[in-house]
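The structure appears below as structure tokens.
Here the structure is a predicted model, which is why all the values come from computation and not from measurement.
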Amino acid sequence: MAVYTDITEDDLSRFLTAYDAGTLLSYKGIAEGVENSNFLLHTTQGAFILTLYEKRVDRNDLPFFLGLMHHLAENGLSCPLPLPRNDGALLGELSGRPAAMISFLEGMWLRKPAAKHCREVGRALATMHVAGEGFEITRENALSVGAWRPLWEKSVDRVDEVEKGLRDEIADELAALEANWPEGLPSGVIHADLFPDNVFFLGDELSGLIDFYFACNDLLAYDVAICLNAWCFEKDGSFNLTKGMALLEGYESVRPLSDEEAAALPLLSRGSALRFFLTRLYDWLMTPPGALVVKKDPLEYLRKLRFHRQVRNPAEYGLSR
Ligand SMILES: Nc1ncnc2c1ncn2[C@@H]1O[C@H](COP(=O)(O)OP(=O)(O)O)[C@@H](O)[C@H]1O
Ligand SMILES: N[C@@H](CCOP(=O)(O)O)C(=O)O
């Protein structure tokens, strides 16, 4: 679920008077997503998404996220746009939360993406990396290698509840990644959560990217590694080389990877797998029973991590060079 904060029709109608968005016809909460409360609104001017930013989102980061969507859209990426209020501000307040009106993006996310969709995702990711150049606000990645140990320490005492023996395996992995994390690779604005539920398609055509609320400045190739993890594994845990090849071809058709970036892919993919393992593990162990949120399986990312650990060459992801 992703409606943590309720709104009333009266409050919403009043909120809308600050925008040139027409008058309210209907609204409903959107069940998907985990971070914020989202509502689909219909007004006399069309459909909009209303987002109420919840506790895990730092209010100070909102100008980065909202400004980034503007910047990316102006530079050729298809993504939703925050709607300015009549006073020019992108943020308002509703039910005690910072709130924004976001343009509605047509399309739906794919439950079973095929290689051709992975190619489109690779192309869109590279388009985003290029479009992000020149964006003046910066945001450090709050979930990069330096954040993994503190996160791990919150779960370590209970990790064996998830799988016996994990305590030593993850401790060794974390130490290896901290010691060898690459430096000096090209960096810029990354999406950092470009999973299938954040990419919309109309038929086979990619219609746009959403959910920029983990976006930050980090290594561009790390974003590629996140996508390899999120898009190129099958339900049985196997890596699909055809999908990997398509995603990387799509990416390189817009922004070729340097030799150094290519060589770092196995390590970056391990890091990305550990990052999602750790956040899922924390949520798995700490979410109170009965909470209205769908918990994601940390073991899916443990299996991916084990796969990457035995990769010796980026060609094993489908990189042709
Ligand atoms: N601009 C948009 N256009 C259409 N649907 C959207 C848009 N933004 C969000 N949604 C819908 O809301 C859901 C949750 O949004 P998301 O940004 O992923 O939430 P969260 O940040 O809580 O994870 C999406 O899966 C999608 O169905
Ligand atoms: N993609 C992450 C969780 C973040 O969820 P989102 O709904 O904000 O995309 C994961 O799969 O662990």
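Two rings, from F212 and F65, have their centers 6.0 Å or more apart. Ring centroids of F195 and F214 are separated by 6.0 Å or more, keeping the two rings apart. Two rings, from Y301 and H308, have their centers 6.0 Å or more apart. Aromatic pair Y19/F48: centroids not less than 6.0 angstrom apart.
Using modelled atom types and a 3.5 Å distance limit, the side chains of R123 and T127 yield no donor-acceptor pair.
A salt bridge is absent between D283 and R280: the closest approach of a Lys/Arg side-chain nitrogen to an acidic carboxylate oxygen does not fall below 4.0 angstrom. At a threshold of 4.0 Å, the pair E133-R255 does not count as salt-bridged, since none of the basic side-chain nitrogens sits closer than that to a carboxylate oxygen. Between E120 and K116, none of the side-chain N atoms (NZ, or NE/NH1/NH2) sits under 4.0 Å from a carboxylate O, so this pair counts as no salt bridge.
E252 places a side-chain N or O within donor-acceptor distance of the main-chain N or O of L257, the cut-off being under 3.5 Å. In this structure a side-chain-to-backbone donor-acceptor pair under 3.5 Å is missing from E205 to L202. The backbone N or O of R97 lies less than 3.5 Å from no partner atom in the side chain of S95, so there is not a single donor-acceptor pair.
Two residues are said to be in side-chain contact when any heavy atoms from C-beta on lie closer than 4.5 Å; V162 and L285 meet this criterion. Inter-residue side-chain proximity for D223 and D218 is flagged as unmet; no heavy-atom pair is nearer than 4.5 Å.
Of the listed residues (T17, L16, T44), just one forms a side chain to side chain contact (heavy atoms under 4.5 Å, CB included) with T23, and that residue is T44. A salt bridge (Lys or Arg N to Asp or Glu O under 4.0 Å) with E173 is found for exactly one of R270, R149, R167, namely R270.
Residues I226 and L194 come closest through the heavy atom pair CG2-N, 4.3 Å.
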